[in-house]
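What follows is one structure encoded as structure tokens, with my remarks underneath.
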Amino acid sequence: MLQIYNTLTRQKEIFKPIHEGKISLYVCGITVYDYCHIGHARVLVAFDVITRFLRSQNWDVNYVRNITDIDDKIINRAKENSEEYTHLTSRFIQAMHEDEKSLEIKRPDIEPRATAYIQEIIDMSKILIEKGHAYAASNGDVYYRVTSFADYGKLTNKNVDELLSGARIEVDEIKEDPRDFVLWKAAKVDEPSWSSPWGNGRPGWHIECSAMSKKCCGDTFDIHGGGPDLPFPHHENEIAQSEAANGRKYVNYWMHAGAVRVDGEKMSKSLGNFFTIRDVLEKYHPEVVRFLLVSSHYRSPINYSEDNLIEARAGLERFYGALRDYADVAPLALSNMQESNYYKAFVEAMNDDFNTRVALAGMYDLVRDLNNAKSDTVLAKNLAAQLKAFGLILGVLQENPEVFLQAGGSDAISAEEIENLIAERIQAKNDKNFARADEIRKSLLVQGVVLEDSKVAGTQWRRE
RNA sequence: GGCGCGAUAGCAAAGCGGUUAUGCUCUGGAUUGCAAAUCCAGUCAGUCCGGUUCGACUCCGGAUCGCGCCUCCA
């Protein structure tokens, strides 16, 4: 039985789909004016794991994640670069897809771009004006009339009156009310624009998601996800737009990922303390980064640090160490695992609001049993195949163990040189020249290479 | 000021009203020529103060501290 924590009700709820067996999932994606950072990676990985798991349980998931490809920051950045904004956005969309690929993040079923939904955005804005929820201002902007929507603030528990007294609302002669937010922005000179009933302009940020989700998921859909900083105002505004325009409930379950912190502070573009995915991958194996993100619950805040990455690597080394002799074993089909206690524990953990941490704990139990089973080949292969099946759902453990273990750390010494020294050491051992054998092992250790002698597999090595 | 979240052993991080979380580290043992890896055993918890209860890390109240949102941000 699937349970999901719903931001709207602030509690875990038993999930009930709109249509039996189906889930429509819309996640707010990236505004493409720069490289993705680790905070983006967190959301991307979280919903990737969620969709992988849901599909493994035979849910028919329609996963939609948008791209915001028109926006102030995009226009400004393009100007700075003296670059066409479409050129800028396509560059960063491509970069995002590369980053996703390296982190084993599967592409959503639909990846709508705001600029491809201008007509839908205009249509929705028109309806909002007709219904009295929005108005065209004198300068060609269109604004949402916040006070016209009685439920405004229900997602984040905001009181509309108190929003007025909030300190940081700008005074604006154009708007009827300082709380009103923009649906359509009149174009300034030299800005990209589309024609509309209110003159040339471009969409506001919030209306994009209302329009795209309506087209891709329907008026009411199951799950809406996003990053930790989106509930207010973005998702609050989406609710106001969609429920006012469609006259129906917008979303049944709201899911928000936890923040990534650096030194206890939120990592964000506005604070400038962010690490791009690319930065991190220069130093760490992509699977280590993904494993770090999967290692904690998707809603808890996580601290980004070298220590945590090193720990993530240590955890992965334990898994890959256990899988070392089973490189050719394929993940077991889930249909063959229904009776497995490991599988039951895994599914139970994941059904409980996608508790990857508990799922992982069960996988470590499996590792211990696998290490104990090495003499029973049939059993061991079955356990290894189960472990890989869980890994497949979490998006880890699919690499050749030997390759993973030998890839870490510095590559000051080549694999060939290492192999040669190992051969020399084996000879020394055969000659009972342990002094020379230990000397070789020590010299390799200094270069970050650990040797492991095994009766069965001979001498194996890994980088630390 | 408003809204919300959190405080768990050396570090990271979960569940649970009474029974081992888990990973890394540490200690002892097995194994090894010696190691490493692995296995077995073990040490180390629940910010503070009250309350409920036969019994609370787990529920309730309060305090303290930390964090997020309230402005573009995943």
Side-chain angles (χ1 to χ4, degrees), chain A residues 7 10 27-31 33-34 36-47 65 68 71-73 76 153 155-159 161-163 165-170 205 225-234 236 256-261 264-271 274 291-292 295-297 299-303 305 307-308 310-319 321-322 324 348-349 352 355-365 367-372 374 405 429 432-435 437-438 441-442 445 449-455 457 459-462 464:
Chain A
T7 308
R10 282 171 289 280
V27 174
C28 287
I30 315 291
T31 301
Y33 70 102
D34 207 340
C36 292
H37 57 61
I38 296 298
H40 296 117
R42 176 121 203 242
V43 176
L44 262 22
V45 168
F47 287 99
R65 194 183 62 227
T68 295
D71 155 278
D72 283 345
K73 290 186 293 298
N76 293 338
L155 178 65
T156 51
N157 221 4
K158 296 262 186 287
N159 179 312
D161 297 331
E162 280 165 0
L163 283 175
S165 58
R168 285 180 284 189
I169 291 177
E170 78 283 16
W205 178 39
D229 37 14
L230 295 187
F232 192 93
H234 186 232
E236 203 70 76
H256 293 95
V260 177
R261 295 182 188 161
E265 261 194 325
K266 192 180 83 158
M267 161 156 69
S268 75
K269 287 185 178 174
S270 54
L271 289 173
F274 65 92
F291 190 78
L292 172 65
S295 295
S296 62
H297 185 83
R299 277 190 284 117
S300 346
I302 57 171
N303 206 40
S305 69
D307 285 353
N308 286 342
I310 289 166
E311 193 179 307
R313 178 169 168 88
L316 267 182
E317 279 174 354
R318 182 160 166 79
F319 282 118
R324 202 166 201 171
E348 192 187 349
D352 183 10
N355 196 330
T356 49
R357 184 68 189 200
V358 171
L360 233 29
M363 288 165 68
Y364 282 114
D365 290 338
V367 164
R368 192 190 327 105
D369 294 344
L370 171 57
N371 285 330
N372 274 323
K374 298 248 167 173
L405 292 167
K429 277 175 58 171
K432 303 275 184 222
N433 185 354
F434 293 121
D438 291 350
R441 188 171 63 201
K442 207 173 276 179
L445 187 59
V449 176
V450 181
L451 298 189
E452 292 167 10
D453 294 337
S454 135
K455 286 246 160 75
T459 299
Q460 296 176 307
W461 63 274
R462 63 185 165 86
E464 62 177 6

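Naming: A, B, ... by sequence-line order, numbering from 1 per chain. Every heavy atom of this structure was used, including side-chain atoms; hydrogens, water molecules and symmetry mates were not.
Across all strands shown, A:His256 has no heavy atoms under 4.0 Å from either base or sugar-phosphate atoms. Using a 4.0 Å heavy-atom criterion, one finds that A:Gly226 contacts the sugar-phosphate atoms exclusively. Counting any heavy atom pair closer than 4.0 Å across all strands shown, A:Ser268 reaches a base atom. Nucleic acid contact class of A:Gly264 (heavy atoms, under 4.0 Å, all strands): sugar-phosphate only. As judged by a 4.0 angstrom heavy-atom cut-off over every strand, A:Ala259 is placed among the base-contacting residues. When heavy atoms are screened at a 4.0 angstrom cut-off, A:Met267 is found touching base atoms of the nucleic acid. Counting non-hydrogen atoms under 4.0 angstrom, A:Val27 reaches nothing in the nucleic acid.
In this structure, A:Arg42 and A:Met267 have side chains that are not in contact, with every pair of non-hydrogen atoms separated by 4.5 Å or more. With contacts defined as side-chain heavy-atom distances shorter than 4.5 Å, the pair A:Lys429/A:Asp453 qualifies. Under the 4.5 Å side-chain criterion, counting only non-hydrogen atoms from C-beta, A:Ile30 is in contact with A:Cys36. A heavy-atom distance below 4.5 Å is found between the side chains of A:Arg65 and A:Leu44. Under the 4.5 Å side-chain criterion, counting only non-hydrogen atoms from C-beta, A:Asn372 is in contact with A:Arg368. By the 4.5 Å heavy-atom criterion applied to side chains, A:Lys73 and A:Asn76 are not counted as neighbours.
The phosphate of B:rA36 has neither OP1 nor OP2 within less than 4.0 Å of any side-chain N or O from A:Trp461. A:Asn159 has no side-chain polar atom (N or O) that falls below the 4.0 Å cut-off from OP1 or OP2 of B:rG2. Dashed line: the shortest gap from a side-chain N or O of A:Asn157 to OP1 or OP2 of B:rC70 is not under 4.0 Å. Applying the 4.0 Å criterion to OP1 and OP2 of B:rA14, one finds that A:Ser300 has a side-chain N or O inside that range. Between B:rC69 and A:Lys266, a contact under 4.0 Å exists linking OP1 or OP2 to a side-chain N or O. Residue A:Arg318 places at least one side-chain N or O under 4.0 Å from the OP1 or OP2 atom of B:rU38.
Rounded to a whole Å, the NZ atom of A:Lys73 is 12 Å from the C1' atom of B:rA74.
Summarising the base pairing, B:rA36 is matched to no nucleotide, lacking a Watson-Crick or G-U wobble pair whose two defining distances lie under 3.5 Å. Partner assigned to B:rA9 is none, using Watson-Crick or G-U wobble distances below 3.5 angstrom. The nucleotide B:rU31 finds no pairing partner, because no Watson-Crick or G-U wobble arrangement with both distances shorter than 3.5 Å includes it. Figure legend. B:rG4 is base-paired to B:rC67; pairs are counted as Watson-Crick or G-U wobble with both atom distances under 3.5 Å. Judged by Watson-Crick or G-U wobble contacts below 3.5 Å, the nucleotide B:rC59 has B:rG51 as its partner. Pair assignment for B:rA14 gives none, since no Watson-Crick or G-U wobble pairing has each distance under 3.5 Å. Base-pair partner of B:rG42: B:rC26 (Watson-Crick or G-U wobble, both distances under 3.5 Å).
Between the P atoms of B:rC57 and B:rG17, the separation comes to 13 Å (whole Å). The C1' atoms of B:rU22 and B:rC16 are separated by 15 Å, rounded to the nearest whole Å. On the C1' atoms, B:rA14 is 14 Å away from B:rG6, given to the nearest whole Å. Between B:rA13 and B:rC67, the distance separating the two P atoms is 16 Å to the nearest Å. Taking the C1' atom of each, B:rG28 and B:rU43 are spaced 10 Å apart, rounded to whole Å. To the nearest whole angstrom, the two C1' atoms, one in B:rU52 and one in B:rC59, are 8 Å apart. As rounded to the nearest Å, B:rA21 and B:rA9 have C1' atoms that lie 13 Å from one another. Between the P atoms of B:rA45 and B:rC39, the separation comes to 25 Å (whole Å).
Projected onto RNA chain B by closest heavy-atom contact, A:Pro231 and A:Val43 fall at different nucleotides, the more 5' of which corresponds to A:Pro231. Position along RNA chain B of the nearest nucleotide to A:Gly258 versus A:Asp369 favours A:Asp369 as the more 5'-ward residue.
With hydrogens and angles ignored, no donor-acceptor pair under 3.5 angstrom links the side chain of A:Arg65 to the base of B:rA74. Donor-acceptor pairing under 3.5 Å, judged by distance alone, is present between the side chain of A:Arg357 and the base of B:rU22.
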Heteroatom pairs (N/O) under 3.5 angstrom, protein to nucleotides 31-35 of chain B:
from: B:rG33; atom 1: N1; to: A:Asp438; atom 2: OD1; distance (Å): 3.0
from: B:rG33; atom 1: N2; to: A:Asp438; atom 2: OD1; distance (Å): 3.4
from: B:rG33; atom 1: N2; to: A:Asp438; atom 2: OD2; distance (Å): 2.6
from: B:rC34; atom 1: O2; to: A:Arg441; atom 2: NH2; distance (Å): 2.4
from: B:rC34; atom 1: N3; to: A:Arg441; atom 2: NH1; distance (Å): 2.8
from: B:rC34; atom 1: N3; to: A:Arg441; atom 2: NH2; distance (Å): 3.4
from: B:rC34; atom 1: N4; to: A:Asp453; atom 2: OD2; distance (Å): 3.4
from: B:rA35; atom 1: N6; to: A:Asp453; atom 2: O; distance (Å): 3.2
from: B:rA35; atom 1: N1; to: A:Asp453; atom 2: N; distance (Å): 3.0
from: B:rA35; atom 1: N3; to: A:Arg441; atom 2: NH1; distance (Å): 3.0

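Classified by interplanar angle (parallel below 30°, tilted 30° to 60°, perpendicular above 60°), the ring pair A:Phe319/A:Tyr364 is parallel.
In this structure, the nucleotide among B:rA21, B:rC39, B:rA14 sitting nearest to the side chain of A:Asn371 is B:rC39.
Of all the heavy atoms in A:Ser296 and A:Thr356, the pair that sits closest is O-OG1, 3.3 Å.
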